[in-house]
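Reviewing the structure listed below.
Along the sequence shown, residues carry numbers from 1. Only a predicted model underlies this, so the values are computations on that prediction, with no experimental measurement involved.
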Amino acid sequence: MSKKYDDFKAVNDISFSVKKGAIFGLLGPNGAGKSTTIKILTCQFPPTSGTAYIGGLNTAVNATEIKKKIGVVFESQNLYEELSVYENLNFFRQLYSSPKEKIREVLKAVGMEKYQKYKIKTLSKGMKQKIMISRALLNDPDILFLDEPASGLDPHSAREIRQVILDLKLQSKTILITTHNMEEADFLCDCLAIMHKGSIIAMDTPENLKKKYGKAILRIETVTGDIYDLPLNTRASSNVFKKFSENNQISFVHSKEATIEDVFIILTGEKLTDES
């Protein structure tokens, strides 16, 4: 599918499928086409060409049915700041005609049960993000779309959000996330599509992407402070290690696998930063 704005192609003829119960990631910098892809898949607008399906339903034709099956967490936190956590969730619960008991259930899922009476404006950004996720669970969706779920969060809050996502996977939720965070993509995703300038340039498991495009190295630091980075499991690295080892010249040695950032740089020639 593609999405075009005048002469600009925000999404350029991409194709992928997501297995039920898996976490699928779209990784790329701002402007790569990730959010546009999410908007197409969540029926916010149709593709310019091609077709998108959610659970076998056409997003351009069956929007009403699809919206009953999905939950969406947008990058921007659009909660009602002056209302309590309970009041926010109760408002959206009524839109879905979900029972009141659902509020407690979704708050428990994100570890926020005891904050029902707190006003949204008193919560941290990480706590608000948990409420955003709990709101997306009110209709008990089969599929969750999370647009940059940990963007702008401190490391502790980001870690908590990632754990929530993994817990939801254990509940057999199918999850599609967008991210420009390499660690997040590597840690969470069963399958990862790397997007660049509107196109998917590589797609596989994070482990396979690192094996295919990256290079593992052996780092040797000598007692004189010299550092040698050598391709792992090669004759060259074996010879250098043997040379310094025999002369008791090694102060530190370790292996280092390729990272998803390494893969992105190799594929695009550009550095993928974590800046939002």
ILVMFWY cluster, [X] and [Y] together (side-chain gap under 4.5 Å):
{"X": "Leu137", "Y": "Leu95", "answer": "yes"}
{"X": "Phe24", "Y": "Ile14", "answer": "yes"}
{"X": "Phe145", "Y": "Ile175", "answer": "no"}
{"X": "Val72", "Y": "Val11", "answer": "yes"}
{"X": "Met203", "Y": "Leu209", "answer": "no"}

Once you round to the nearest 0.5 Å, how far does [atom1] of [X] lie from [atom2] of [Y]?
{"X": "Lys130", "Y": "Ser157", "atom1": "NZ", "atom2": "OG", "value": "7.0 Å"}
{"X": "Leu153", "Y": "Met127", "atom1": "CG", "atom2": "CE", "value": "12.5 Å"}
{"X": "Met112", "Y": "Leu89", "atom1": "CE", "atom2": "CG", "value": "9.5 Å"}
{"X": "Ser2", "Y": "Asn12", "atom1": "OG", "atom2": "CG", "value": "5.5 Å"}
{"X": "Asn181", "Y": "Arg162", "atom1": "CG", "atom2": "CZ", "value": "5.0 Å"}
{"X": "Ser98", "Y": "Phe92", "atom1": "OG", "atom2": "CZ", "value": "12.5 Å"}

>> Walk me through whether Thr59 and Cys43 qualify under side chain to side chain contact (heavy atoms under 4.5 Å, CB included).
In response: CA-CA 5 Å; Thr59 58; Cys43 310; 4.0 Å; yes

>> With a sphere of 6.0 Å drawn around OH of Tyr86, does it hold more than 12 non-hydrogen atoms of other residues, nucleotides or ligands?
In response: yes

>> Counting only heavy atoms from other residues, nucleotides and ligands, does the tally under 6.0 Å from NZ of Lys69 exceed 12?
In response: no

Does the side chain of [X] reach to within under 4.5 Å of the side chain of [Y], using non-hydrogen atoms?
{"X": "Lys210", "Y": "Glu207", "answer": "yes"}
{"X": "Ile220", "Y": "Ile227", "answer": "no"}
{"X": "Val61", "Y": "Tyr53", "answer": "no"}
{"X": "Leu26", "Y": "Thr179", "answer": "no"}
{"X": "Ile38", "Y": "Leu176", "answer": "yes"}
{"X": "Cys189", "Y": "Ile177", "answer": "yes"}
{"X": "Leu144", "Y": "Leu168", "answer": "yes"}
{"X": "Leu170", "Y": "Leu166", "answer": "no"}

Under 3.5 Å donor-acceptor, [X] side chain and [Y] backbone:
{"X": "Thr122", "Y": "Lys119", "value": "yes"}
{"X": "Thr268", "Y": "Glu270", "value": "yes"}
{"X": "Thr178", "Y": "Glu148", "value": "yes"}
{"X": "Asn88", "Y": "Ser84", "value": "yes"}
{"X": "Lys34", "Y": "Pro29", "value": "yes"}
{"X": "Gln77", "Y": "Met132", "value": "no"}
{"X": "Asn62", "Y": "Asn58", "value": "yes"}
{"X": "Asp262", "Y": "Thr259", "value": "yes"}

Is any side-chain N of the basic residue among [X] and [Y] closer than 4.0 Å to the acidic one's carboxylate O?
{"X": "Lys173", "Y": "Asp140", "value": "yes"}
{"X": "Lys169", "Y": "Asp190", "value": "yes"}
{"X": "Lys125", "Y": "Asp154", "value": "no"}
{"X": "Lys128", "Y": "Glu81", "value": "yes"}

We want to know whether [X] and [Y] form a side-chain donor-acceptor pair, criterion being a heavy-atom distance below 3.5 angstrom.
{"X": "Asn78", "Y": "Arg135", "result": "yes"}
{"X": "Gln163", "Y": "Asp167", "result": "yes"}
{"X": "Thr42", "Y": "Gln44", "result": "yes"}

Work out which heavy atom in [X] is nearest to a heavy atom in [Y]; give both atom names and the distance.
{"X": "Asp204", "Y": "Asn208", "result": "OD1-ND2, 3.2 Å"}
{"X": "Ala202", "Y": "Leu267", "result": "CB-CD1, 3.6 Å"}
{"X": "Pro141", "Y": "Ala136", "result": "CG-O, 3.3 Å"}
{"X": "Asp147", "Y": "Ser35", "result": "OD2-OG, 3.1 Å"}
{"X": "Ser134", "Y": "Val110", "result": "CB-CG2, 4.0 Å"}
{"X": "Glu82", "Y": "Lys121", "result": "OE1-NZ, 3.3 Å"}

>> Can you tell me how the ring of Phe91 sits relative to the ring of Tyr80, calling it parallel under 30°, perpendicular over 60° and tilted otherwise?
In response: perpendicular

> Hey, what's the ring geometry for Phe264 with His196, parallel, tilted or perpendicular (30° and 60° as the breaks)?
Replying inline: perpendicular

>> Please list all pairs meeting ring-ring contact (aromatic ring centres under 6.0 Å, His included) that have one or both residues in residues 108-137, counting only residues at least two apart or in different chains.
In response: Tyr115-Tyr118

> Does the ring of Tyr5 carry Lys3 above it, NZ/CZ under 6.0 angstrom from centre and within 45° of its axis?
Replying inline: yes

> Taking the six-membered ring of Phe45, is the NZ or CZ of Lys39 close enough (under 6.0 Å from the centre) and on axis enough (within 45°)?
Replying inline: no

>> Val164 vs Ile133, test: side chain to side chain contact (heavy atoms under 4.5 Å, CB included). Steps then yes/no.
In response: CA-CA 9 Å; Val164 167; Ile133 294 174; 4.3 Å; yes

>> Please evaluate residues Lys108 and Glu105 with respect to the criterion salt bridge (charged side-chain N to carboxylate O under 4.0 Å, His left out), reporting the C-alpha separation (whole Å), side-chain torsions for both, the decisive distance (0.1 Å), and the verdict.
In response: CA-CA 5 Å; Lys108 182 178 180 180; Glu105 180 183 322; over 6 Å; no

> With sequence neighbours excluded, what pairs up with Thr174 under the side chain to side chain contact (heavy atoms under 4.5 Å, CB included) test?
Replying inline: Val18, Lys20, Ile143

